[in-house]
Peer 1: 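Input: one structure, supplied below.
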Amino acid sequence: MADFVLIPGMCHGGWCFDPLTERLRQHGHRVHALTLSGLSERADLLTSTVNLDTHIQDVVDVLVAERIEDAVLVGHSYGGMVVSGVADRVPERVDSLVYLDAVVPQDGDSCWSLVPDEREWYLDVGETGYAVPSMPFFDPRATAHPLASLLQRIRLTGDAGRFRRRDYVYATLWDGESPFTSTYQRLREDPTWTVHELESRHNIMRDAPEDLLKILLQSLEEPARPAGRQ
C-alpha cells in the first residue's frame with residue numbers, strides 16, 4: 001500500500017483528482033487529494049500573504065499529521081513547485097515524485113520565471129491586487145489563485161536525485177505550444193528521470209485517467225531509477 005499525495009494546479013482544489021482518486025483506492029492505496037490554502041473550499045484563507053511557502057507547509061503538515069513516511073508526491077502544473085519544495089523540506093517522508101504536465105523548478109526558480117508566457121494572466125489581479133482569476137473554461141469550482149505563490153522563488157538545498165524515482169508526464173494536446181515543452185525535452189535526456197507522453201490535454205486527470213492510473217501504479221515498481229523515455 002502506498003500513500004499518494006495529490007497536489008492540484010492553479011485555481012483548483014483536490015476535487016480535480018476525483019476521477020483518479022477512487023481508482024487508486026480500488027487498488028488498495030491511501031490517497032490524499034489536497035486543496036491548498038486560499039483555494040476552492042479553502043478560499044476564505046486567501047490573503048495577500050499566502051505564498052509558495054504557505055502551500056509547501058500545507059502539504060508538510062498533512063504528511064506529519066497523517067504520519068506518512070513514504071509519500072508518492074504527485075503535482076499537476078503549479079503543483080510541481082509545491083511537491084519540489086515539500087520533497088526538499090522533509091525528504092525523510094517522501095518515497096518518489098510524479099510531475100503531471102508541471103513545472104520542475106531548480107533553486108531560485110518561480111512560476112514567474114519558468115512560465116513567462118502566462119505573466120499577463122498572473123498580473124490580471126483585479127480589485128484585490130493579489131488574486132489571479134480562474135480562467136472561464138475552468139471547472140466552476142475553481143477560484144482565484146494567490147499571486148504571491150507564483151512570484152515567490154523556491155529555495156531548494158538538497159539533492160533532487162536522492163528519491164527512489166522521479167516521473168514526468170507530458171501532455172501532447174495543447175492549443176499552440178505547451179509551456180512545458182522545454183522541461184519535457186530536458187528531462188527526457190536525463191537518465192535519473194522516467195518521462196511519459198500522453199495524448200491528452202493539460203488536465204490529464206480528467207482527460208486520460210486510465211492512462212494516468214497505469215503510470216502511477218508503474219511508478220511504484222522497481223528499478224529505483226529507470227532511465228529514459230517511456
Side-chain angles (χ1 to χ4, degrees), residues 2 4-27 29 31 33-34 40 72-84 95-105 111 114-118 121 134-142 145 160 163-230:
F4 285 93
V5 180
L6 312 179
I7 310 302
M10 280 183 63
C11 303
H12 287 66
W15 41 262
C16 72
F17 291 101
D18 284 351
L20 185 64
T21 297
E22 186 57 33
R23 289 169 170 84
L24 287 170
R25 288 175 176 155
Q26 288 172 353
H27 282 267
H29 302 297
V31 184
L34 307 186
S40 195
V72 180
L73 297 180
V74 181
H76 177 241
S77 198
Y78 161 77
M81 297 291 295
V82 180
V83 300
S84 296
D95 171 74
S96 55
L97 299 98
V98 183
Y99 294 77
L100 307 180
D101 218 31
V103 288
V104 180
C111 278
L114 291 174
V115 196
D117 290 346
E118 295 189 349
W121 175 31
S134 64
M135 291 293 191
F137 53 84
F138 283 176
D139 187 288
R141 293 169 289 184
H145 190 95
F163 302 103
R164 180 182 62 83
R165 179 166 174 151
R166 291 180 297 170
D167 286 68
Y168 191 87
V169 184
Y170 177 69
T172 63
L173 300 181
W174 275 78
D175 295 327
E177 180 73 13
S178 165
F180 306 111
T181 297
S182 60
T183 299
Y184 157 72
Q185 292 172 339
R186 171 171 60 88
L187 297 183
R188 70 188 300 199
E189 302 301 324
D190 187 334
T192 68
W193 284 81
T194 299
V195 177
H196 314 261
E197 296 176 15
L198 281 187
E199 189 174 344
S200 170
R201 292 188 175 277
H202 179 54
N203 194 336
I204 299 172
M205 305 85 68
R206 179 194 63 202
D207 295 344
E210 293 299 335
D211 290 332
L212 181 54
L213 175 65
K214 292 176 183 178
I215 289 172
L216 292 179
L217 295 177
Q218 180 185 346
S219 77
L220 302 176
E221 302 172 357
E222 299 292 348
R225 293 182 179 175
R229 172 182 169 190
Q230 298 291 315

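Nothing fancy with the numbering, it's 1 onward along the sequence. Since this is a predicted model, take the numbers as computed values, not measurements.
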Peer 1: Any side-chain heavy atom of Leu217 within less than 4.5 Å of one from Lys214?
Peer 2: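 The answer is no, as the side chains (C-beta and beyond) never meet within the 4.5 Å cut-off.
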
Peer 1: Yes or no on side chain to side chain contact (heavy atoms under 4.5 Å, CB included) for His196 and Gln218, after CA distance, side-chain angles and deciding distance?
Peer 2: CA-CA 11 Å; His196 314 261; Gln218 180 185 346; 4.2 Å; yes

Peer 1: Decide side chain to side chain contact (heavy atoms under 4.5 Å, CB included) for Leu216 and Val74; before the verdict, give the C-alpha distance in whole Å, the side-chain angles of both, and the deciding distance to 0.1 Å.
Peer 2: CA-CA 9 Å; Leu216 292 179; Val74 181; 4.1 Å; yes

Peer 1: At what distance, to the nearest 0.5 angstrom, does NE2 of His76 lie from CD1 of Ile7?
Peer 2: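 It comes to 13.0 Å.
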
Peer 1: Please list all pairs passing the salt bridge (Lys or Arg N to Asp or Glu O under 4.0 Å) test where one or both residues lie in residues 175-185, with sequence neighbours left out.
Peer 2: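 For residues 175-185: Asp175-Arg201.
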
Peer 1: Which pairs would a plain distance check flag for residues 95-103, meaning a side-chain donor or acceptor within less than 3.5 Å of a matching protein atom at least two apart in sequence or in another chain?
Peer 2:
{"unit_1": "Asp95", "atom_1": "OD1", "unit_2": "Arg164", "atom_2": "NE", "d": "3.0"}
{"unit_1": "Asp95", "atom_1": "OD2", "unit_2": "Arg164", "atom_2": "NE", "d": "2.9"}
{"unit_1": "Asp95", "atom_1": "OD2", "unit_2": "Arg164", "atom_2": "NH2", "d": "2.8"}
{"unit_1": "Tyr99", "atom_1": "OH", "unit_2": "Ser84", "atom_2": "OG", "d": "2.7"}
{"unit_1": "Asp101", "atom_1": "OD1", "unit_2": "Ala171", "atom_2": "N", "d": "3.1"}
{"unit_1": "Asp101", "atom_1": "OD2", "unit_2": "Trp174", "atom_2": "NE1", "d": "3.1"}
{"unit_1": "Asp101", "atom_1": "OD2", "unit_2": "His202", "atom_2": "ND1", "d": "2.8"}

Peer 1: What closest approach, in Å, do Pro209 and Leu20 show between heavy atoms, and which atom pair accounts for it?
Peer 2: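 Between these two residues, the closest heavy atoms are O-CD1, 4.0 Å.
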
Peer 1: When you compare the side chain of Val195 with that of Asp167, does any pair of heavy atoms fall below 4.5 Å?
Peer 2: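 Not in contact.
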
Peer 1: Do Leu198 and Ile215 have side chains that get closer than 4.5 Å, going by heavy atoms?
Peer 2: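 Yes. Closest side-chain heavy atoms under 4.5 Å.
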
Peer 1: Going from CG on Leu212 to CZ on Arg206, what distance comes out if it is rounded to the nearest 0.5 angstrom?
Peer 2: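 Output value for this atom pair is 13.0 Å.
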
Peer 1: Which residues pass the side-chain contact (heavy atoms from CB on, under 4.5 Å) test with Ser134, not counting sequence neighbours?
Peer 2: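 Scan of Ser134 (side-chain contact (heavy atoms from CB on, under 4.5 Å), adjacent residues dropped) gives Cys11, Phe138, Ala142.
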
Peer 1: Please work out whether the ring planes of His29 and His27 are parallel, tilted or perpendicular, with thresholds of 30° and 60°.
Peer 2: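 Plane angle under 30°, so parallel.
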
Peer 1: Within a strict 4.5 Å, meaning less than it, do heavy atoms of the Leu73 and Phe163 side chains meet?
Peer 2: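 Counting from C-beta outward, Leu73 and Phe163 never come under 4.5 Å.
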
Peer 1: How would you list all residue pairs meeting salt bridge (Lys or Arg N to Asp or Glu O under 4.0 Å) that involve residues 12-24, not counting sequence neighbours?
Peer 2: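 Passing the test, one end in residues 12-24: Arg23-Glu210.
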
Peer 1: List for me each residue that meets ring pair (Phe, Tyr, Trp, His ring centres under 6.0 Å) alongside Tyr170, sequence neighbours excluded, and say none if there are none.
Peer 2: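 Expected list: Tyr184.
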
Peer 1: Look at the side chain of Ser178 and the backbone N and O of Phe180, then say whether any donor-acceptor pair between them is shorter than 3.5 Å.
Peer 2: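 It does hold such a pair.
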
Peer 1: Is any side-chain heavy atom of Val72 less than 4.5 Å from a side-chain heavy atom of Leu220?
Peer 2: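 In contact.
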
Peer 1: Rounded to the nearest 0.5 Å, how far apart are OG1 of Thr194 and CZ of Arg188?
Peer 2: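 Thr194 OG1 to Arg188 CZ: 13.0 Å, rounded to 0.5 Å.
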
Peer 1: Check salt bridge (Lys or Arg N to Asp or Glu O under 4.0 Å) between Arg141 and all other residues, then give those that pass, not counting sequence neighbours.
Peer 2: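 Arg141 satisfies salt bridge (Lys or Arg N to Asp or Glu O under 4.0 Å) with Asp139 once adjacent residues are dropped.
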
Peer 1: Quick check for you: to the nearest 0.5 Å, what is the distance between Ser77 atom OG and Met10 atom CE?
Peer 2: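 With rounding to 0.5 Å, OG (Ser77) is 8.0 Å from CE (Met10).
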
Peer 1: Indicate yes or no: at least one non-hydrogen side-chain atom of Asp211 is less than 4.5 angstrom from one of Ser200.
Peer 2: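 SC-SC contact between Asp211 and Ser200 ruled out.
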
Peer 1: How about Tyr78 and His145: do any of their side-chain heavy atoms sit closer than 4.5 Å?
Peer 2: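 In short, these two side chains touch, coming nearer than 4.5 Å.
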
Peer 1: Before giving the answer on side chain to side chain contact (heavy atoms under 4.5 Å, CB included), spell out for Val104 and Trp193 the whole-Å C-alpha distance, their side-chain angles and the decisive distance to 0.1 Å.
Peer 2: CA-CA 12 Å; Val104 180; Trp193 284 81; 3.9 Å; yes

Peer 1: Can you see which heavy atom on Pro8 is nearest to which on Gly14, and at what distance?
Peer 2: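 Nearest heavy atoms, Pro8 then Gly14: CG-N, 4.2 Å.
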
Peer 1: Within a strict 4.5 Å, meaning less than it, do heavy atoms of the Leu173 and Glu199 side chains meet?
Peer 2: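 A side-chain contact exists here, since the closest heavy-atom pair is under 4.5 Å.
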
Peer 1: Could you give the distance from CG (Asp207) to CD1 (Ile204), rounded to the nearest 0.5 Å?
Peer 2: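 The CG atom of Asp207 sits 9.0 Å away from the CD1 atom of Ile204.
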
